[in-house]
Participant: 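Input: one structure, supplied below.
Fair warning: this is a prediction, and the values are worked out from it, not measured in the lab.
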Amino acid sequence: MAVSEVTDGTFDDLVLRSDRPVLVDYWAEWCSPCKQFAPILSELSDSFGDRMEFLRLYTDDNQITPARFEVKGLPTVHIFVAGELVHSLQGARTKSTITRAIEEYV
């Protein structure tokens with residue numbers, strides 16, 4: 001499964017109104033840990049994409065949503081279920097840590 005892009009303009013429709021759990025990766029081009037996380041996110045999407053949406057929000061071009069959800073640093077991963085933020089992970093995390101978080105909600 002592919003990881004799709006989400007923007008400030010599409011966030012409510014793609015994330016908050018989704019019928020499935022959604023993982024949002026907040027990232028920026030200048031963020032080295034974000035670049036290291038990208039392949040992990042792709043692997044997780046391949047493993048869990050049939051049960052969860054995987055989206056990336058580029059924070060340099062989309063600053064409203066990170067402010068709205070109080071994203072203080074990058075990378076940050078949020079998991080939303082039924083339009084509610086249910087889990088937040090900030091900073092570089094291992095694949096196993098993200099997997100455990102995902103497994104709570106799928």
Side-chain angles (χ1 to χ4, degrees):
M1 305 293 294
V3 178
S4 300
E5 295 294 324
V6 63
T7 66
D8 288 337
T10 61
F11 192 88
D12 286 3
D13 284 337
L14 296 178
V15 177
L16 302 183
R17 293 185 187 104
S18 178
D19 295 336
R20 303 189 319 163
V22 181
L23 181 145
V24 179
D25 171 34
Y26 298 86
W27 72 286
E29 188 66 38
W30 49 264
C31 170
S32 293
C34 296
K35 291 178 185 179
Q36 293 169 348
F37 181 62
I40 294 171
L41 184 64
S42 182
E43 289 175 25
L44 292 170
S45 175
D46 289 343
S47 298
F48 295 99
D50 59 333
R51 297 174 277 167
M52 172 180 262
E53 299 292 332
F54 287 80
L55 302 173
R56 298 180 79 205
L57 187 134
Y58 185 61
T59 58
D60 285 355
D61 291 342
N62 300 280
Q63 298 178 4
I64 295 168
T65 302
R68 179 176 167 193
F69 290 98
E70 300 179 2
V71 173
K72 303 290 187 206
L74 299 178
T76 292
V77 171
H78 282 167
I79 297 175
F80 292 84
V81 176
E84 297 294 322
L85 175 60
V86 295
H87 202 97
S88 180
L89 296 164
Q90 187 175 4
R93 299 297 176 114
T94 64
K95 181 179 176 183
S96 61
T97 299
I98 304 290
T99 299
R100 282 192 301 274
I102 289 170
E103 288 174 339
E104 286 184 51
Y105 303 103
V106 294

Participant: Hey, could you give me each pair passing salt bridge (charged side-chain N to carboxylate O under 4.0 Å, His left out) that has a residue in residues 8-17? Not counting sequence neighbours.
Facilitator: D12-R68, D13-R17
Participant: For a side chain to side chain contact (heavy atoms under 4.5 Å, CB included) check, start with the C-alpha distance between L57 and T7, then their side-chain angles and the critical distance, and finish with the verdict.
Facilitator: CA-CA 6 Å; L57 187 134; T7 66; 5.8 Å; no
Participant: Mind checking what makes side chain to side chain donor-acceptor pair (under 3.5 Å) contact with S42, not counting sequence neighbours?
Facilitator: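 Scan of S42 (side chain to side chain donor-acceptor pair (under 3.5 Å), adjacent residues dropped) gives none.
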Participant: By salt bridge (charged side-chain N to carboxylate O under 4.0 Å, His left out), which residues pair with E103, not counting sequence neighbours?
Facilitator: none
Participant: Just to verify, what does T94 make a side-chain contact (heavy atoms from CB on, under 4.5 Å) with, not counting sequence neighbours?
Facilitator: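 T94: side-chain contact (heavy atoms from CB on, under 4.5 Å) contacts with S96, T97.
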Participant: Show me the pairs that pass disulfide bond (SG atoms under 2.5 Å apart) and involve residues 7-106, at least two apart or across chains.
Facilitator: C31-C34
Participant: Output the distance between atom OG (S47) and atom CD1 (I102), rounded to the nearest 0.5 Å.
Facilitator: 8.5 Å
Participant: Kindly say whether N62 contributes a backbone atom to a donor-acceptor pair with the side chain of T59 at under 3.5 angstrom?
Facilitator: no
Participant: F37: which residues meet the ring pair (Phe, Tyr, Trp, His ring centres under 6.0 Å) condition with it, sequence neighbours left out?
Facilitator: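 Per chain and number, F37 pairs via ring pair (Phe, Tyr, Trp, His ring centres under 6.0 Å) with no residue.
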Participant: Which residues pass the salt bridge (charged side-chain N to carboxylate O under 4.0 Å, His left out) test with R51, sequence neighbours left out?
Facilitator: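 Residues passing salt bridge (charged side-chain N to carboxylate O under 4.0 Å, His left out) with R51: none at all.
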Participant: Under the salt bridge (charged side-chain N to carboxylate O under 4.0 Å, His left out) rule, what pairs show up with a residue in residues 18-31, not counting sequence neighbours?
Facilitator: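 Qualifying pairs, neighbours excluded: R20-E53, D25-R56, E29-K35.
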Participant: Applying a strict under-4.5 Å side-chain criterion to I, L, V, M, F, W and Y, I'd like to know whether Y105 and I40 cluster together.
Facilitator: yes
Participant: Could you work out, with salt bridge (charged side-chain N to carboxylate O under 4.0 Å, His left out) as the rule, every residue matching E43, not counting sequence neighbours?
Facilitator: K95
Participant: So which residues get pulled into W27's cluster when ILVMFWY side chains under 4.5 Å apart are joined, directly or through others?
Facilitator: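 Besides W27, the hydrophobic cluster comprises Y58, listed by chain and residue number.
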Participant: Which residues pass the salt bridge (charged side-chain N to carboxylate O under 4.0 Å, His left out) test with R93, sequence neighbours left out?
Facilitator: none
Participant: Name every donor-acceptor pair, under 3.5 Å, that has one atom in a side chain of residues 74-89 and the other anywhere in the protein, sequence neighbours excluded.
Facilitator:
| residue | atom | partner | partner atom | Å |
| --- | --- | --- | --- | --- |
| T76 | OG1 | G73 | O | 2.5 |
| H78 | ND1 | Y26 | OH | 3.1 |
| H78 | NE2 | S88 | OG | 3.2 |

Participant: Determine the sole option in I98, V3, V106, V15 for which the side-chain contact (heavy atoms from CB on, under 4.5 Å) test with L23 is passed.
Facilitator: I98
